[in-house]
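Down below is the structure, laid out as C-alpha cells.
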Amino acid sequence: MAEIATVGVAGSGTMGAGIALVAARAGFRTIVLDQSRDTLDRARRQSEGFLQRSVERGRLKAGEVERILGDTVSTTRIEDMAPCDIVIEAVFEDLAVKHAVFAKLDAVCGPHALFASNTSTLSITEIAAGSGREDRFVGMHFCLPAPLMKLVEMSPGLKTSDHSFDAAWRFCEAMGQRPVKTKDRPGFILNALLVPFNNDAIRLVETGVAEPADIDRAVQRGLGYPMGPLALIDLVGLDTQLLLCEALHGRTNDPRAACPPLVRRMIAAGYLGRKTGQGFYRYERDAMFGG
Amino acid sequence: MLIERGGSRSFPAPHPLLDAARDHASIALLIGEDAGAALAGIDAPGRMAAILIELGTECLAVHAGEGAANILGFARFRLGDDPPSDLVELVRQGATSASSLAAAQAFLDAAGLSVALCNDIAGRIIDRLVRPYFNAALTKLDEGLATAADLDLTVRLGLGYPTGPIALLERSGLAHHFDVSAALLAAYGEPAYAPARRARVAKERKLRGKD
C-alpha cells in the first residue's frame with residue numbers, strides 16, 4: 001500500500017471538523033465531505049478560529065494557519081473524494097446512514113484506499129460489512145475535542161487485514177495522535193467504562209444519596225479526577241448521555257449502561273446541561289471548556 | 001474529645017484534626033476499626049454538639065440507630081494501601097440536626113479537610129462509584145479488550161485521570177478492593193459489586209500467605 005498523502009473526512013460536524021483539522025495540521029492534504037455547504041462553511045470558520053487562537057497562545061506559527069487551511073478542501077460532491085488514500089467517517093451514529101455513505105465512497109475511491117469509522121458505539125465489523133472493503137476497514141475513535149485530545153481508540157473488524165490495520169496505525173501516529181488498540185466491542189474502552197460510571201453517579205443523585213456538588217467534590221478530591229461525573233455530563237449534554245446509554249445498553253444489556261429515568265425527565269424539562277444553562281448545575285452563560 | 005479504638009484507616013498518622021479533637025469540649029471524634037463501640041463510653045452524649053464516628057463500609061445506623069440528632073458518621077477516603085486523601089465523606093441521617101451538621105462540617109473544614117455530605121448508605125459516594133468501575137476494568141482486561149497499559153493510557157489521555165484503573169489497583173492493593181467490593185455485594189446484591197477474578201485471586205493469595 002502506498003503512503004497516505006490525501007485524507008478524506010466524511011461529515012463536518014464537530015467531530016469531523018476536528019479530525020480534518022488534525023490531519024491537515026499534520027501536513028496531509030485533506031478533503032472534507034458533507035452534504036450541507038452551510039455545515040462545511042461553518043466548520044471552516046470554526047477551524048480558522050481554533051487555529052488563530054493556537055497562534056495567539058504560541059502553539060502554532062502564524063504562517064501555518066494559511067498552509068493548513070490551504071491544504072483543506074471542502075466539498076459536497078462524493079466524486080471529489082476519489083483521490084483519498086484513507087477516508088475517516090464521522091457522520092450520524094446510525095448503521096444504515098454509515099452504510100450508505102461508505103457504499104458511495106466505495107464507488108469513487110481507489111481500491112487501495114482505507115476506510116475508517118469514528119463511531120463511538122457501533123460495531124466496526126457491522127459497519128465494515130456495508131463498506132465494500134471489509135479487509136481495509138478500521139475503527140478510529142477520536143476524543144472530543146479532537147484537535148486537543150491525542151487519544152484515538154483503534155479497532156480492527158473481524159475481517160480487517162493486519163496490513164490495513166498497521167497502515168492505519170502508522171497514519172494515526174503520523175498525525176501526531178496516540179493510538180491504543182482495542183477489540184471491536186461496544187463502547188471500546190472509554191465509553192464502555194465511562195457511560196456506566198456516569199450513570200452510577202446520576203443514580204446517586206436520583207436516589208437522594210448526595211447532591212451533585214458533593215458527588216463531584218468526592219470524586220475530584222478523593223480520586224484526583226479533573227472533573228466530577230455530573231459536571232462532565234453537563235458538559236457533554238444530557239441528550240448525548242441518553243444516546244450513549246441507548247447505544248451501549250442496546251448492545252450489552254448491562255444494567256449499569258441503562259439510562260437512569262432522571263436523565264429522561266431532565267431532558268423533557270429542557271435541562272440538557274451547559275448548552276441550555278441548566279443541567280445538574282445552573283450556568284450563567286453558555287461557556288465551553290474552562291468557561 | 002478523641003477516642004481511639006483500634007487502628008484507624010482515616011488517620012493512620014498524626015493529623016491536625018486529632019489534635020483539635022483532643023481539646024474540644026463539644027465535639028467527640030471516635031476513630032478506629034471499633035470506633036462505633038466507643039459510643040457507649042461517652043457520658044451524656046446528648047450534651048455534645050456533634051459526635052463523629054469513623055465508618056468502614058457499614059452504615060452509621062449500625063452504631064447510632066436511626067434517630068440520633070447529633071451523631072454523624074465519617075470516613076476519610078483512602079484507596080487500599082495508599083495514604084488517605086483529604087476528602088471526608090460525612091454521613092448524616094434524616095434525624096441529624098442542622099446545628100450538629102454545621103458543627104461537624106466546621107470542625108472538619110478547620111482541619112483543612114474537604115467534606116462531601118451524603119446519606120447513610122453502605123459505601124457512601126466514592127466506593128459506590130469506583131468499585132463497579134474497577135470490577136468492569138478488571139473484567140475487560142481478562143476478556144482481552146486491550147492490554148493493561150492501553151486500558152490505563154486510555155483513561156489517562158481520554159479523561160485526564162491521574163492513574164488508570166489497573167495500575168491504581170495494583171499499587172493500592174487488589175485484595176483491599178476485594179474486601180470493599182464483597183462488602184457492597186453483600187449490602188446491595190448487585191452483580192456490579194461482585195469482585196472481579198483478579199481481585200478474588202489477589203485475596204486468596206493473601207489468605208494463603210503467597211503475597
Side-chain angles (χ1 to χ4, degrees), chain A residues 141-144 148-155 177-205 207-229 232 252 254-257, chain B residues 75-79 82 84-92 94 113-137 139-141 143-147 149-165 168 190-192:
Chain A
H141 178 226
F142 290 72
C143 294
L144 269 174
L148 297 177
M149 302 289 278
K150 294 291 183 191
L151 179 71
V152 180
E153 292 176 292
M154 292 196 59
S155 315
Q177 300 298 104
R178 177 62 172 89
V180 294
K181 186 177 181 181
T182 83
K183 283 187 175 176
D184 179 18
R185 296 285 187 275
F188 307 114
I189 299 171
L190 207 55
N191 281 323
L193 292 175
L194 182 65
V195 172
F197 179 83
N198 286 346
N199 282 344
D200 288 345
I202 294 168
R203 290 190 184 94
L204 290 183
V205 177
T207 53
V209 170
E211 294 295 321
D214 285 296
I215 294 167
D216 283 348
R217 187 182 310 113
V219 167
Q220 287 183 273
R221 303 302 294 260
L223 299 167
Y225 292 2
M227 183 180 277
L232 180 60
T252 63
D254 174 5
R256 293 179 62 232
Chain B
R76 191 175 169 201
F77 184 73
R78 181 182 181 191
L79 199 60
D82 278 5
S85 67
D86 72 354
L87 187 280
V88 169
E89 292 170 304
L90 182 60
V91 177
R92 68 174 171 195
L113 295 164
S114 184
V115 174
L117 188 62
C118 65
N119 288 344
D120 187 20
I121 60 154
R124 297 175 293 275
I125 297 172
I126 305 184
D127 280 331
R128 286 284 303 273
L129 294 177
V130 294
R131 302 304 164 182
Y133 158 67
F134 287 154
N135 285 326
T139 300
K140 291 181 189 310
L141 177 61
E143 292 171 351
L145 177 67
T147 65
D150 277 352
L151 274 168
D152 284 344
L153 184 65
T154 298
V155 299
R156 286 196 288 116
L157 291 183
L159 299 170
Y161 292 3
T163 312
L168 189 57
E190 294 175 10

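Just so you know, these numbers use all the heavy atoms, side chains as well, and skip hydrogens, waters and symmetry mates. All chains are named by letter (A, B, ...) in the order of the sequence lines, taking the proteins before the strands, and each is independently numbered beginning at 1.
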Under 4.5 Å, counting heavy-atom pairs only, tell me which of B:Pro165, B:Cys118, B:Pro132, B:Ala137 racks up the most with chain A. B:Pro132
Pair count under 4.5 Å, heavy atoms only, with chain A: among B:Leu168, B:Leu153, B:Thr163, B:Asp150, highest is B:Asp150
Rounded to the nearest 0.5 Å, what separation is found between the [atom1] atom of [X] and the [atom2] atom of [Y]?
X	Y	atom1	atom2	answer
B:Glu190	A:Asp200	CD	CG	8.5 Å
A:Leu204	B:Ile121	CG	CD1	6.0 Å
A:Arg178	B:Arg156	CZ	CZ	9.0 Å
B:Glu89	A:Ile215	CD	CD1	10.5 Å

Test applied, side-chain contact (heavy atoms from CB on, under 4.5 Å); reference residue, B:Thr154; option that passes from A:Val152, A:Leu193, A:Ile189: A:Ile189
Grab the two heavy atoms, one from [X] and one from [Y], that are nearest each other, plus how far apart they are.
X	Y	value
B:Leu157	A:Met149	O-CE, 3.3 Å
B:Ile125	A:Ala210	CD1-CB, 3.8 Å
A:Cys143	B:Gly158	SG-CA, 4.3 Å
A:Tyr225	B:Pro162	CD1-CD, 4.1 Å
B:Ala136	A:Arg256	CB-NH1, 4.1 Å

Of all residues at least two apart in sequence or in a different chain, which pass the salt bridge (Lys or Arg N to Asp or Glu O under 4.0 Å) check with A:Arg217? A:Asp214
Would you mind checking which part of [X] comes under 4.5 Å of any heavy atom in chain A, side chain (CB onward), backbone (N, CA, C, O), both or neither?
X	value
B:Leu129	both
B:Val88	neither
B:Glu143	backbone
B:Leu145	both
B:Leu159	both

By a 4.5 Å heavy-atom criterion (distance strictly below it), what part of [X] contacts chain B: side chain, backbone, both, or neither?
X	value
A:Gln220	neither
A:Ala192	both
A:Leu223	both

Just so I understand: if I count every heavy-atom pair under 4.5 Å between each of A:Asp254, A:Leu190, A:Thr182 and chain B, which residue has the most? A:Leu190
Using side-chain hydrogen bond (donor to acceptor under 3.5 Å, both in side chains) as the criterion, list what pairs up with A:Arg221, not counting sequence neighbours. B:Asp86
